[in-house]
Amino acid sequence: MQERIKNMQKNVFDVLQERGFIGQLTHEEEIRQLLADEKVTFYIGFDPTADSLHVGHFIQIMVMAIMQQYGHKPIALIGGGTTMVGDPSGRTDMRKMLSLEQINSNGEKFKKVFEKFLDFSDDKAIMVNNADWLLNLNYVEFLRDVGACFSVNRMLTADCYKNRMENGLSFLEFNYMIMQSYDFLMLYQKYGCTMQFGGNDQWSNILGGVDLIRRKCAGSAYGMTFNLLVTSEGKKMGKTEGGALWLDAEKTSPYEFYQYWRNIADADVENCLMLLTFLPTEEVKQLASLQGSRINEAKVVLAYEVTKLIHGQEAADEARSAAEALFGQGEEKGSIPSTDIAVQAVEEGIDITDLLLLSGLAASKSEARRLVQQGGISLNGAKVENFADVVTLDNFEEGKVMLRKGKKIFHQILLK
RNA sequence: GGAGGGGUGCCCGAGUGGUUAAAGGGGGCGGACUGUAAAUCCGUUGGCUCAGCCUACGAUGGUUCAAAUCCAUCUCCCUCCA
């Protein structure tokens with residue numbers, strides 16, 4: 001807490017820069033100055049394309065939270081309107097079109113997450129949905145009013161469109177940039193929002209809005225982008241077997257979530273601590289400087305802190321003790337992923353392959369067989385030698401059996 | 001609307017009548033080594049009642065003893081022209 005108060009005196013711009021958030025800026029000096037002198041209203045947009053947010057979004061949320069700590073006012077924009085169009089940025093093919101119902105239900109889930117990280121009381125932050133102004137636009141009116149301000153020639157030079165020139169780009173998607181630019185204009189007029197932030201991939205969309213505000217209102221607006229979460233090798237982070245690393249506990253369990261960060265590469269520890277936790281910079285530097293296997297201590301802190309932010313202290317504690325139990329010494333308690341099985345199913349004996357299938361450790365029997373043949377499966381700590389092995393009640397201790405796949409994936413089967 | 005090119009396994013991409021469950025690469029998974037790291041090496045990567053069978057090369061129908069490969073129709077995409 002003292003740390004935070006001390007930080008208060010610093011310019012939030014410097015904090016963001018020091019922590020490695022900042023990517024590109026439209027006007028570096030002006031932005032820095034404004035953030036130091038004024039209470040700035042800024043926005044970040046989130047398109048509800050899935051039923052949960054993921055780590056990429058979390059960085060943006062961190063920025064909003066930090067900005068708010070320093071007295072600035074975030075607008076969390078839910079892209080109920082823009083999702084109807086679909087952002088082509090960073091994509092090689094067109095997005096699947098989502099139904100309005102789907103978009104709305106996703107948007108509701110996003111809302112809940114924002115409420116967890118931002119203080120919306122007393123107008124300290126607001127949440128808006130661009131469906132409110134985009135869905136009922138009059139086409140011709142809009143074209144004359146806003147469309148006239150965009151040069152197709154210039155739009156085509158934008159990176160996000162350039163790489164779609166080969167694979168094709170529909171007119172629908174081509175309009176995305178205009179939609180997002182219009183959002184910024186709306187928020188500028190309605191809430192005095194003068195800054196838009198986003199991931200690096202949003203650069204051209206943000207520029208579009210800055211330009212539009214200048215043309216329509218002769219106003220000054222600014223944009224800033226943040227580095228995407230990538231590994232030291234430049235690969236996108238936050239990918240798991242199941243796709244993205246989701247923030248929703250239903251889609252990525254706290255234990256899996258914890259393990260993801262616990263297993264991060266050495267070289268990425270500092271960056272992740274800076275971007276994904278509120279730990280003071282000095283502490284992060286110190287943790288990241290640990291040498292050799294001691295760097296694992298930093299990974300534990302990272303995993304614990306991030307899990308705590310997303311899933312709460314209790315879930316973080318459970319995930320940590322589960323990990324300690326499985327990988328080291330420690331009482332076995334906590335949240336190891338598990339599957340229930342009926343007693344009668346086991347009484348007659350169940351094939352190990354079926355059990356692997358049931359637990360989700362293998363996607364097919366062939367895969368299960370392969371895993372066993374390659375020595376990748378163990379049951380209660382003993383390697384399974386034969387894929388024809390049958391698991392019976394004798395294998396259960398206190399109503400459960402522990403399966404392990406590979407070195408790090410554990411799964412319990414609970415008798416029911 | 002016209003002319004041309006193309007749709008192959010998770011992705012990229014070879015393959016133009018049989019020996020092709022389909023080269024090669026990427027990614028994934030497992031193993032070895034380690035620190036629950038990285039790098040490296042080895043193996044594996046459609047399914048099943050697994051040395052046998054089934055399903056697969058955009059879709060449907062056809063030619064053939066035999067088709068991802070030939071023909072027809074449809075469909076989607078790309079390039080150029082309008």
Side-chain angles (χ1 to χ4, degrees), chain A residues 88 90-97 161-173 230-245 255-273 287-304 306-307 319-330 332 334 336-337 350-354 356-357 359-379 381 383-390 402-411:
Chain A
R91 292 209 136 225
T92 54
D93 55 347
M94 190 167 142
R95 286 169 188 278
K96 214 175 93 202
M97 283 217 230
Y161 294 131
K162 242 192 262 167
N163 56 23
R164 286 294 293 277
M165 284 303 142
E166 286 170 31
N167 300 310
L169 175 73
S170 68
F171 185 64
L172 173 75
E173 299 170 277
V230 291
T231 66
S232 51
E233 283 153 4
K235 287 186 197 151
K236 267 192 197 167
M237 259 169 81
K239 291 274 176 201
T240 67
E241 310 166 68
L245 190 67
Y255 172 78
E256 281 176 85
F257 190 84
Y258 178 94
Q259 280 299 310
Y260 183 89
W261 302 109
R262 177 62 186 78
N263 283 312
I264 220 78
D266 291 5
D268 298 322
V269 172
E270 178 169 347
N271 193 229
C272 289
L273 281 166
L287 280 168
S289 68
L290 291 171
Q291 292 303 307
S293 63
R294 290 199 62 207
I295 191 80
N296 281 319
E297 295 165 30
K299 293 185 192 181
V300 171
V301 173
L302 170 68
Y304 182 75
V306 185
T307 308
R320 186 170 60 183
S321 45
E324 278 167 3
L326 293 171
F327 291 98
Q329 63 309 75
E332 192 182 297
I336 299 156
I350 178 165
D351 291 345
I352 184 74
T353 49
D354 285 325
L356 288 168
L357 205 57
S359 64
L361 290 178
S364 68
K365 284 204 189 180
S366 297
E367 190 183 325
R369 216 172 272 131
R370 219 178 286 132
L371 279 166
V372 173
Q373 280 168 342
Q374 294 180 140
I377 296 297
S378 56
L379 185 95
K383 190 191 273 185
V384 179
E385 303 287 351
N386 191 333
F387 63 75
D389 280 2
V390 173
M402 178 68 76
L403 280 171
R404 185 171 67 133
K405 172 194 164 193
K407 274 169 281 203
K408 312 185 242 202
I409 301 173
F410 292 85
H411 198 99

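Every chain is numbered from 1 and lettered A, B, ... according to where its sequence line falls, protein lines coming before strand lines.
- Within the 4.0 angstrom heavy-atom criterion, only backbone atoms of the sugar-phosphate kind lie near A:Arg370; the bases stay farther away.
- The C1' atoms of B:U19 and B:A66 are separated by 13 Å, rounded to the nearest whole Å.
- Using modelled atom types, no side-chain atom of A:Glu173 and backbone atom of A:Phe171 make a donor-acceptor pair closer than 3.5 Å.
- At B:G35, none of the side-chain N or O atoms of A:Lys299 fall inside 4.0 Å of OP1 or OP2 (strictly under the cut-off).
- Along RNA chain B, the nucleotide closest to A:Gly406 and the one closest to A:Ile264 are compared, and the more 5′ of them pairs with A:Gly406.
- The phosphate of B:C48 (OP1 or OP2) has a side-chain N or O of A:Ser364 nearer than 4.0 angstrom.
- Checking the phosphate oxygens (OP1, OP2) of B:G30, no side-chain nitrogen or oxygen of A:Lys408 falls inside 4.0 Å.
- Remark: the separation of the C1' atoms in B:A68 and B:G6 is 15 Å, to the nearest Å.
- Only the P atoms considered, B:A14 is 15 Å distant from B:G24, to the nearest whole Å.
- As rounded to whole Å, 18 Å separates atom P of B:A38 from atom CG of A:Leu290.
- Nucleotides B:A32 and B:A39 have their C1' atoms positioned 14 Å apart, rounded to a whole Å.
- At the heavy-atom level, A:Gln259 lies under 4.0 Å from base atoms of the strands shown.
- With sequence neighbours excluded, the residues satisfying ring-ring contact (aromatic ring centres under 6.0 Å, His included) with A:Phe410 are A:Phe327.
- Here the nucleotide nearest the side chain of A:Ile295, chosen from B:G35, B:U36, B:G30, is B:G35.
- A side-chain donor-acceptor contact under 3.5 Å links A:Lys299 to the backbone of A:Ile264.
- Summarising the base pairing, B:A32 is matched to B:U40 through a Watson-Crick or G-U wobble pair whose two defining distances lie under 3.5 Å.
- With the nearest nucleotide of RNA chain B identified for both A:Ile377 and A:Asp266, A:Ile377 has the one nearer the 5' end.
- One cannot find a donor-acceptor pair under 3.5 Å joining the base of B:G31 and the side-chain atoms of A:Gln374.
- With a 3.5 Å ceiling on both atom-pair distances, B:G9 lacks any Watson-Crick or G-U wobble partner.
- Atom CG of A:Leu290 is separated from atom CG of A:Asp266 by 10.5 Å, given to the nearest 0.5 angstrom.
- Closest to the side chain of A:Ser366, from the set B:U36, B:G30, B:G47, is B:G47.
- Residues A:Glu297 and A:Val300 fail the side-chain proximity criterion, which asks for heavy atoms closer than 4.5 Å.
- When both distances must be under 3.5 Å, the Watson-Crick or G-U wobble mate of B:U73 is B:A59.
- B:A67: no Watson-Crick or G-U partner with both key distances under 3.5 Å is found in any strand.
- Look at A:Arg404 and you won't find any side-chain N or O under 4.0 angstrom from OP1 or OP2 of B:G30.
- Here B:U49 presents its C1' atom at 12 Å from CG of A:Asp354, a figure rounded to the nearest Å.
- B:C12 and B:A22: their C1' atoms are spaced 16 Å apart (whole Å).
- With both pairing distances under 3.5 Å, B:A22 is matched to nothing as a Watson-Crick or G-U wobble pair.
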